[in-house]
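Contents: one structure, followed by commentary.
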Amino acid sequence: MPLKVYNSYTRTKEVFTPITPGHAGMYVCGPTVSGESHLGHARPYITFDFIYRYLTYKGYKVRYVRNITDAGHFEEEGKEAEDKVSKKAILEKLEPMELVQKYTNLFHWAMLQFNCVEPSIEPTATGHIVEQISMIEKIIAEGYAYEVNGSVYFDLKKYAATHDYGKLSGRVMDDLLETTRELDGQQEKRDKADFALWKSAALEHIMRWKSPWGEGFPGWHIECSAMATKYLGAEFDIHGGGMDLQFPHHESEIAQSTICNHHTPAKYWIHNNMITINGKKMGKSYNNVIKLTEMFSGNHPLLTQAFSPMTVRFFILQSHYRSPVDFSSEALLASEKALKRLWEAYEVLKKLPVGLNEEAADAALNSKVVQWLNEFDEFMDDDFSTAKILANMFELAPVINGIKDGHIAPGALAATTLVLLQQQFKTYLEDIFGLTHTTGADDNTLQGVMQLLIDIRKEAKIRKDYSTSDKIRKQLATIGIELKDEKDGSMSWNK
RNA sequence: GGUCCUGUGGCCGAGUGGCUAGGCAAAGCUCUGCAAAAGCUUCUACAGCAGUUCGAAUCUGCUCGGGACCUCCA
């Protein structure tokens with residue numbers, strides 16, 4: 001079955017055909033480490049994590065490059081161009097690199113919480129100044145950039161005359177010339193829409209590098225182009241990022257790389273939609289940011305409780321990556337419960353004994369189960385429809401529980417079907433969706449203690465000493481261990 | 001103002017022109033010492049108006065609402 005992905009560049013679903021058979025190169029715009037990661041950041045990195053995992057599952061050897069932007073952003077503040085990192089560093093009284101390290105560490109910590117696989121290469125902008133400078137030199141040599149007062153700008157008008165600038169973001173060049181806001185250095189540009197490749201550094205600027213045009217720092221867009229080119233080549237398979245990066249970031253990347261490498265950089269552009277909060281995009285300018293640390297601790301006015309990283313991950317998986325997702329405590333709570341239910345079914349499934357019956361006693365149920373399972377790949381191949389797979393899993397959960405509880409005969413499903421069921425759940429929940437849960441089952445000490453408590457409780461129940469049996473169950477619940485009486489008189493527990 | 005997306009049951013969310021998405025919440029029942037869990041059942045929606053069609057949540061038009069981008073942004 002071929003994998004189909006929605007390509008933002010062509011606005012259609014296309015069959016994924018990698019440039020080099022068996023290999024896939026993917027570049028995803030990483031975070032700007034001038035602040036703490038928030039819930040909004042969770043979306044792209046979880047999205048591209050399951051995309052990465054799925055490509056790997058499909059047998060591709062994937063090179064996943066995700067950068068760290070630790071230099072070079074411009075921000076209008078009054079009339080001066082500023083470097084975001086430098087500015088924050090002054091505020092926090094830290095060395096710029098100290099600040100960058102701090103937020104990089106926090107970002108890595110968050111990714112670990114979300115169980116995101118580390119990228120193959122995680123290049124930093126500051127580590128690739130040389131590459132960026134040489135790329136700018138090439139663009140100048142090609143005649144598409146010009147230097148003014150130590151800054152270098154991309155000549156957009158010249159580019160747009162022969163290239164389709166605005167195709168990715170659906171923009172018309174003439175509109176851009178009218179609407180582009182006044183930015184610092186506007187008067188030295190040939191055209192308002194021209195963007196900076198290199199920016200001359202004012203005296204107070206801390207982060208600065210020597211260049212053929214004097215001391216300065218790189219423009220925002222050039223870093224991604226330079227690093228993507230270096231590690232993935234002039235043309236690579238997938239370029240990903242949030243939808244809000246389409247313009248101007250990705251549009252500009254296309255322009256730079258096309259001139260420099262004589263080739264459009266990426267074959268497929270994949271963009272995830274935003275997380276909104278009460279219908280509004282989460283962002284500093286809206287003052288509605290929930291940091292990930294706040295998410296996990298529940299320490300935020302908009303949160304009624306703490307939500308675990310896996311709940312957030314599951315929440316994101318429950319909707320399509322190209323749909324906007326509206327956050328609320330209520331929605332998160334629903335996800336938390338849903339995940340718990342699904343995971344418990346999965347734990348049950350792992351323990352179901354596989355019989356030897358080749359034939360299914362219940363042929364209708366068997367074929368339905370097989371169909372639901374086969375649809376997993378089908379849905380994923382159709383532009384990563386994770387929500388539909390989860391829906392199927394919830395169809396299967398009653399079947400699993402039914403077998404355990406005896407509502408469904410043990411031989412209802414063929415042995416091969418049960419094995420397939422176990423495999424698919426493991427593959428999708430753990431390997432592709434990247435969900436984890438520590439049950440405590442791997443902790444031998446805890447196992448022993450629990451067995452002891454279960455034995456005591458069983459004895460109490462036989463004596464009809466319900467105050468003791470209830471006490472054990474209640475006390476365990478307060479420390480987060482749930483004890484269940486099974487239908488056959490046994491007891492099970494989970495953390 | 002320009003460009004584009006979107007409006008699904010109490011809430012969150014899938015959705016191909018015709019066939020029950022799913023989850024959460026709620027109600028009833030079964031099981032159980034009690035509970036939890038689980039199972040079964042119920043709740044059948046598609047902003048409004050008009051059109052195309054044998055048939056539309058799905059296509060077209062208009063109206064109303066929400067959002068994104070146009071500026072740093074995941």
Side-chain angles (χ1 to χ4, degrees), chain A residues 11 28-32 34-35 37-48 69 73-77 82 84 166 169-172 174-176 178-183 193 220 240-249 251 271-276 279-286 289 314-315 318-320 322-328 330-342 344-345 348 379 382 385-395 397-402 404-408 461 464-466 469-470 473-474 477 482-487 489 492 494:
Chain A
R11 288 154 204 266
V28 175
C29 291
T32 301
S34 61
S37 303
H38 57 73
L39 182 58
H41 292 105
R43 187 110 198 245
Y45 305 126
I46 289 172
T47 298
F48 290 101
T69 297
H73 268 224
F74 307 137
E75 191 175 61
E76 192 187 62
E77 195 67 45
E82 263 192 278
K84 253 185 168 173
S169 52
R171 239 145 273 254
V172 182
D174 294 342
D175 295 340
L176 291 174
E178 290 313 308
T179 56
T180 302
R181 198 174 66 154
E182 286 291 324
L183 285 166
W220 175 32
M243 261 179 186
D244 53 347
L245 295 181
Q246 275 186 44
F247 188 89
H249 187 52
E251 202 72 72
H271 291 99
N272 64 274
N273 214 315
M274 303 286 104
I275 286 184
T276 59
K280 281 256 189 292
K281 181 180 144 181
M282 181 174 298
K284 276 179 194 161
S285 39
Y286 296 108
V289 172
F314 186 77
F315 175 67
Q318 266 186 308
S319 63
H320 189 90
R322 283 191 289 113
S323 299
V325 133
D326 195 45
F327 162 87
S328 67
E330 206 186 354
L332 259 287
L333 191 65
S335 287
E336 182 182 274
K337 290 189 177 177
L339 174 60
K340 181 171 185 284
R341 179 172 141 77
L342 189 60
E344 281 178 15
V348 167
F379 291 153
D382 184 20
S385 296
T386 53
K388 287 169 132 185
I389 294 165
L390 289 173
N392 272 21
M393 286 183 170
F394 280 107
E395 296 278 13
V399 176
I400 294 165
N401 289 323
K404 187 195 78 168
D405 288 348
H407 299 123
I408 296 170
K461 280 186 76 171
K464 295 204 193 306
D465 175 6
Y466 295 124
S469 73
D470 286 353
R473 187 174 62 195
K474 212 172 166 184
E482 191 182 26
L483 201 61
K484 288 190 214 170
D485 293 337
E486 297 296 342
K487 295 239 186 308
S492 66
N494 61 66

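Proteins come first, then strands; the chains are lettered A, B, ... in the order of their sequence lines, and each starts at number 1. Only this structure's heavy atoms are used, side chains among them; waters, hydrogens and symmetry mates stay out.
Evaluation of atom-type donor-acceptor distances gives no pair under 3.5 Å for the side chain of A/D485 against the base of B/C31. One cannot find a donor-acceptor pair under 3.5 Å joining the base of B/G13 and the side-chain atoms of A/D326.
For the pair A/M274/A/R43, no side-chain contact is recorded, criterion being any heavy-atom separation below 4.5 Å from C-beta on.
Contact annotation: A/N272 does not reach the phosphate of B/A74 (side-chain N/O to OP1 or OP2, under 4.0 Å). For A/H41, a side-chain nitrogen or oxygen approaches OP1 or OP2 of B/A74 to under 4.0 Å. Phosphate proximity of B/C24 to A/R341: present, with a side-chain N or O under 4.0 Å from OP1 or OP2. Distances shown here put every side-chain N or O of A/S323 at or beyond 4.0 Å from the OP1 or OP2 atom of B/U6. Distances shown here put every side-chain N or O of A/K487 at or beyond 4.0 Å from the OP1 or OP2 atom of B/A38. Applying the 4.0 Å criterion to OP1 and OP2 of B/G67, one finds that A/K280 has a side-chain N or O inside that range.
Using a 4.0 Å heavy-atom criterion, one finds that A/F394 contacts the sugar-phosphate atoms exclusively. Across all strands shown, A/M274 has heavy atoms under 4.0 Å from base atoms, whether or not it also approaches the sugar-phosphate. Here A/E482 lies in heavy-atom contact (under 4.0 Å) with sugar-phosphate atoms only. Using a 4.0 Å heavy-atom cutoff across all strands shown, A/M393 reaches no nucleic acid atom at all. Here A/G40 lies in heavy-atom contact (under 4.0 Å) with a base. At a threshold of 4.0 angstrom between heavy atoms, the contacts of A/A338 are confined to the sugar-phosphate backbone, with no base atom among them.
As rounded to whole Å, 11 Å separates atom P of B/C34 from atom CZ of A/R473. Distance A/F315 CZ to B/C24 P: 15 Å, rounded to the nearest Å. Separating the NZ atom of A/K388 from the C1' atom of B/G22 is a distance of 12 Å, rounded to the nearest angstrom. Remark: P of B/A25 and CD of A/E336 are 11 Å apart, rounded to the nearest angstrom. The separation between A/D470 atom CG and B/C34 atom C1' is 6 Å, rounded to whole Å. Between A/L339 atom CG and B/C24 atom C1' the separation is 13 Å, expressed in whole Å. One interatomic measurement links the two molecules: NE2 of A/H271 to P of B/A74, which rounds to 13 Å at whole-angstrom precision. Between A/N273 atom CG and B/G67 atom P the separation is 14 Å, expressed in whole Å.
Contact check on A/K484 versus A/E344 returns a salt bridge, with a Lys/Arg side-chain nitrogen under 4.0 Å from an Asp/Glu carboxylate oxygen. Using a 4.0 Å cut-off between a side-chain N of Lys or Arg and a carboxylate O of Asp or Glu, A/K340 and A/E336 do not qualify as a salt bridge.
Checking side-chain atoms of A/Q318 against main-chain N and O of A/S335 turns up no donor-acceptor pair under 3.5 Å.
Between A/E395 and A/G402, the residue anchored nearer the 5' end of RNA chain B, judged by the nucleotide with its closest heavy atom, is A/E395. Comparing A/I275 and A/H320 by the nucleotide of RNA chain B whose heavy atom lies nearest to each, the residue mapping closer to the 5' end is A/H320.
A gap of 41 Å separates the P atoms of B/U53 and B/U41, to the nearest Å. Spacing of P atoms, B/A25 relative to B/A37, comes out at 9 Å, to the nearest Å. Straight-line distance between the P atoms of B/C69 and B/U63: roughly 25 Å, to the nearest whole Å. For the P atom pair drawn from B/G65 and B/U8, the interatomic distance equals 16 Å after rounding to whole Å. A gap of 11 Å separates the C1' atoms of B/G23 and B/A14, to the nearest Å. Rounded to a whole angstrom, the distance from the C1' atom of B/G15 to that of B/G7 is 15 Å.
Looking at the side chain of A/F247, the nearest of the listed nucleotides B/C70, B/C34, B/G15 is B/C70. You'll find that the side chain of A/H38 is closest to B/A74, out of B/A74, B/C70, B/C34. Comparing B/A14, B/C69, B/A74 by their closest approach to the side chain of A/R43 singles out B/A74. Nearest to the side-chain atoms of A/A334 among the listed nucleotides B/C24, B/A74, B/C40 stands B/C24. Counting only heavy atoms from C-beta on, A/K337 has its side chain closest to B/C24 among B/C34, B/C24, B/C12.
Distance check, rounded to the nearest 0.5 Å: NE2 of A/H38 to CD1 of A/I275 gives 9.5 Å. Within the model, atoms CG of A/L483 and OG of A/S492 stand 7.0 Å from one another, a figure rounded to the nearest 0.5 Å. Separation of atoms NZ (A/K487) and CG (A/D405) is listed at 4.5 Å; rounding is to 0.5 Å.
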For this session: Can you run through RNA chain B from 5' to 3' and write each base as (, ), [, ], | or . depending on how it pairs? Watson-Crick or G-U wobble, both distances under 3.5 Å.
Result: (((((((..(((.....[...))).(((((.......)))))....(((((..]....))))))))))))....
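Qualifying salt bridge (charged side-chain N to carboxylate O under 4.0 Å, His left out) partners for A/K388, counting only residues two or more places apart in sequence or in other chains: none. The side chain to side chain donor-acceptor pair (under 3.5 Å) check on A/K280 picks up nothing, with sequence neighbours excluded.
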For this session: Decide yes or no on side chain to side chain contact (heavy atoms under 4.5 Å, CB included) for A/Y45 and A/V28, but give the supporting numbers first.
Result: CA-CA 8 Å; A/Y45 305 126; A/V28 175; 4.3 Å; yes
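Taking the 5.5 Å centre cut-off and the 30° plane limit, the aromatic side chain of A/Y45 is not classed as stacked on B/A74.
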